[in-house]
Each structure stands twice: as C-alpha cells, then as structure tokens.
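Notes follow once the structure below has been shown.
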Amino acid sequence: MMAGNVGPNSKPPPQSPQVVMERRSKPEDAATHITVSDPVQHSEGVNKYTSYRVDVRSPGNDMSQTQAFSAVLRRYSDFLWLYERLHEERPGTIVPPLPEKKPTGRFNPKFVEDRRRSLERFLRRVAVHPELQGCSSLDNFLRADDVTFQATKHSKANVVLQQSSMMASMNPSAPPQLVQKPKKEGFKRWFAETKTSISGDLVRSPDDELFEEIQRYVHGLDAQMKNVSTQASGLVRKGKEIANGLFEFGLAFNLLGQSEADALGDALSKVGETADRLSVLSAEHADREASGFEDPLVDMIKMIHSVKIALQKRHEKRLTYSTCLQEVDSKQHSLAKYRAQIGMEAKAYGTEMSLRKAQENAELARDEFATVSQRVLREVDRFKRETAQDMRQTVLEYIQLQVEYNKKMEQIWASLIPQLERVQLDNNANVVGDTATSGDDEHGGASSMQQQQQQPNQPAIHSQPMVPNPQQAMPPQMGSQFYSQSSQMMQPPTQDPGMFSVQYRTDGPP
C-alpha cells in the first residue's frame, strides 16, 4: 500500500550506476559515419610514414546520398596541419587534442592501432564541435583529393584568415576572407606586439576579472587532475604487480600440493589453481582500469591543455588590439606635430592616410578580440559541463568496475572453503580422509571409522625431526598417514644414512 502512494512531490527511486552508465553517450558518438582505418606503412627513401584511410559516409548509412561519401588517405602530419589550421580559422576554440608524437616505436602494431583510434576520435570530435562547423580546412581534409589537398596545404604558408565580427554577425556562414600578408608587415607587427607585451600596457576589458578567474580555475584543475592521474597510474601498476604475485603464489601452492599425496595435497593444488585464475582476473582488471579510468583522466588533462591554448589565443588577440591602439596614438601624435609645422603638409597628408588605416586595423582587432573573447567564454562553459559529466561517468564506471572485480574475487576465494573443510585431521594432525567422499559413501566411511576404533591398543606414531641421540633413531614412515584403511602399517623404506627420525609410542614401552 505504501509503495502505491506516489504523489506529485514524491521522488523516483534512485537508479543503479549501471543503468546510468548505459544511457550515457559521448558527443562524438554522433559522428560514427567518419572512420579512420587501414593503416599502411610507406617508404620513400629513408623517410618512412604510416597512412590512414579516412572515410566519410552519409549519416545513418543512407546509400542514396552518394555525394556525401568520400575516402582519402592521410598521414599524421596532415592531421597536425588540420589541428593548426583550426586554431587559425577559429581562434579561441577548444580544439580537441591530437595524439602526441613518438620519436621511437612509431611502427609498433599496438602503437599504430592506438594512434588510429585516437585520430578517429579527434576527427569525430571536430566534426560535432559547435564552434568548428563550416571550417574550410576540415572540408578540405575530409574530401579533397591528394593533389588538391597538398596544394592547399602548402599554399597557406603566408596566408592568414581575417573575418570581421560585423560580417560574422550579418552572415555567420560566410567563408573567411583570405588576405595576403606581406612578410615585412608581419615582422613589424610581431616586433610591435612583442614590445607591447614587454611593456605590459594592455587594453582593459570588462571581462578581465572573469578571465582571470577562469585562468585560476584551469590551472588549479590541471594540477589536481595531474595528481589524480598519477595516483591512478600507480594503482594500475600495482594491479599488474598483484597479478604477477598471484601467479607466483599459485605456482608455489601447486608445487606444495604435489608434495602431499593425500586429500590435503589435492586441496593445496586447488589453492594454486585458484590463484592462477585470480592472476588472470587481476591482469584483465588492471587492463580495464587502464582503459576505463587512467586513459580518460589523461584525455581530460589534454583537454585542459586545449583550454589553455584557447585562453592564449584570446591573449594574443588582446595583444594585437593593444598594439593597434598604440599605433593609432603614435600616428595621431605625429599628425598633430606635422600639422603644427609649416611646410609639412605632404607628410601630414601621408600620416593622416596612415592613421585612417591604423584606425581601421584597430577596429578590426577590437572586433576580433571581442569575438574571440565571447567564443572562449562559450567554450569554457561547455568545457565545464562536459568535464563534469565525463568525470562523473568515469568515476561511476570505476566504482562499478571495482565492485564487479571484488565480487568475482570473493566468489572464487569462497569456492575454496568447502574443499578445505572436507579435509579432516585426527588428534595427531594426520589426514584421515575427505568428508565429502565419506558422505557420499556412508557405508565405506562408517566401516573405516569402525576399523580405526576397533584397534584401541594400536599406538599412534609421530614423526619428529633429527634428534641428537642416534641410538633412539628408527626408520621413518613415509607420508602423512601412518594407518591405511586396512589398519596395517606401511612397510618402512630403506633409511637415508644422512637423516635420522625417531618413532615412539604414546602408550608406554611394550
């Protein structure tokens, strides 16, 4: 009756972590139509590299849209080019991280496969990124043939993308304008920006305090996440050590069980076999910890680095805007100086034209700075939401993984208890049989016990290690059982002259 009373203010029952994990999906899952496959190694003289096939199919595998399908070959340097171009086209965007370079072992099959998966995830993240929609560099990367792509890749050396915020607000889908940038002007701009950066005379904006708070948050999160990642790596490493330790532990018990030719030896061998199973289970658990907990933490650290790059791009736009304002002030001062002098009309006219150009550049820099600032704010807000969801999901999966692992460990260890309990010892710590066997064969077990009880005068024999008095030494009995089922003593073997053991009767001398 109580369970049926569900009012409007009643809370639904909490869901198990496993249910929550099954419903959670990542944003890049919406771009499964983009794949990276078929890594192939190439050799051009001393230069060796690996190419990957990049396929783009229509979403949902709709074969009627044949124009949406493309297949191209790309190498790692092409992915790196795309990564850098995305930063130039959309500064302030948190571009998904690329897999890092590796100077050695680049052609190891495991490394190639790991890189293939990372490159595929990178492309899918870029394809669904809200700030990277419509980037020309992404379209060229995915669809251009080899000749066109190489021409595009090498022709962008001295070309910069400029798009004013006014055009972006009027037509956000308008392509960026390509403007040729002279080398001399670029050097002068770099020198002026460096001078402004050293002087520290940067323009102030109303959002500066907010960005300072964001920077403190990002640096703190980076430090804490690296600490967690270090501890997670240590746990994974210890898990692998535990797996190796269980293997050695099982081997030792297998050898110990082989030295005992009775039910106790069988039970000890079972302990060794169980340890072997636990070794395999622990090794698999360590691998799952690495892929499900350690790797996501490393990926989060890389995303934090991408946030730092986005903040740096905003700082560069701020520096450019500050430099333009200083240039305007300098030209205004020169213009006022020339106008105050007689006969300097020509220089005053030239300075006035230069001032107008500097003012236009300052307006463009201001609009670009404002656009990038707003983009960074949107990106940081999205980063916080997605990071919180990913962290929650990662921790839930890690907890669920530990619960399942410990349940399996408990079940395997618990299965050993009945096997060891079936091994019975008499008052003299000698193995007398397996209770499970005697339980299954009631008559055989009862007769065995009766035979042992019918011989009350038969003395119990114990074995002791070497004693100092060799006159008391007698040939030792072999095995841990001194009485067989027929209650007859085993025949003593030939005594080792290097060892002594004593046998004595507990009921006194004969």
inquiry  = We want to know whether E397 and Q393 form a side-chain donor-acceptor pair, criterion being a heavy-atom distance below 3.5 angstrom.
reply    = yes
inquiry  = We want to know whether R314 and S373 form a side-chain donor-acceptor pair, criterion being a heavy-atom distance below 3.5 angstrom.
reply    = yes
key: Pair K331, S354: side-chain N/O donor-acceptor within cut-off below 3.5 Å   = yes
K101 to Y76 six-membered ring, cation-pi geometry met (6.0 Å, 45°) = no
query = Looking just at side-chain N and O atoms, do H129 and Q133 make a donor-acceptor pair shorter than 3.5 Å?
reply = no
inquiry  = For a quick check under 3.5 Å, do E294 and S233 share a side-chain donor-acceptor pair by atom type?
reply    = yes
request  = Spell out, as yes or no, whether a donor-acceptor pair under 3.5 Å connects the side chain of R143 to the backbone of S70.
outcome  = no
task = Count the heavy atoms belonging to other residues, nucleotides or ligands that lie under 6.0 Å from NZ of K337, then report whether that count exceeds 12.
result = no
ask   = Does the side chain of T148 pick up a donor-acceptor pair with the side chain of D145 at under 3.5 Å?
value = yes
key: D208 versus S205, side-chain donor and acceptor atoms under 3.5 Å   = yes
key: Any side-chain donor near an acceptor of the partner, Y405 and S282, under 3.5 Å   = yes
task = Among K313, R90, R375, find the one that has a salt bridge (Lys or Arg N to Asp or Glu O under 4.0 Å) with E131.
result = R375
remark   = Exactly one candidate in K153, H87, E89 meets side-chain hydrogen bond (donor to acceptor under 3.5 Å, both in side chains) with S137; the answer is E89
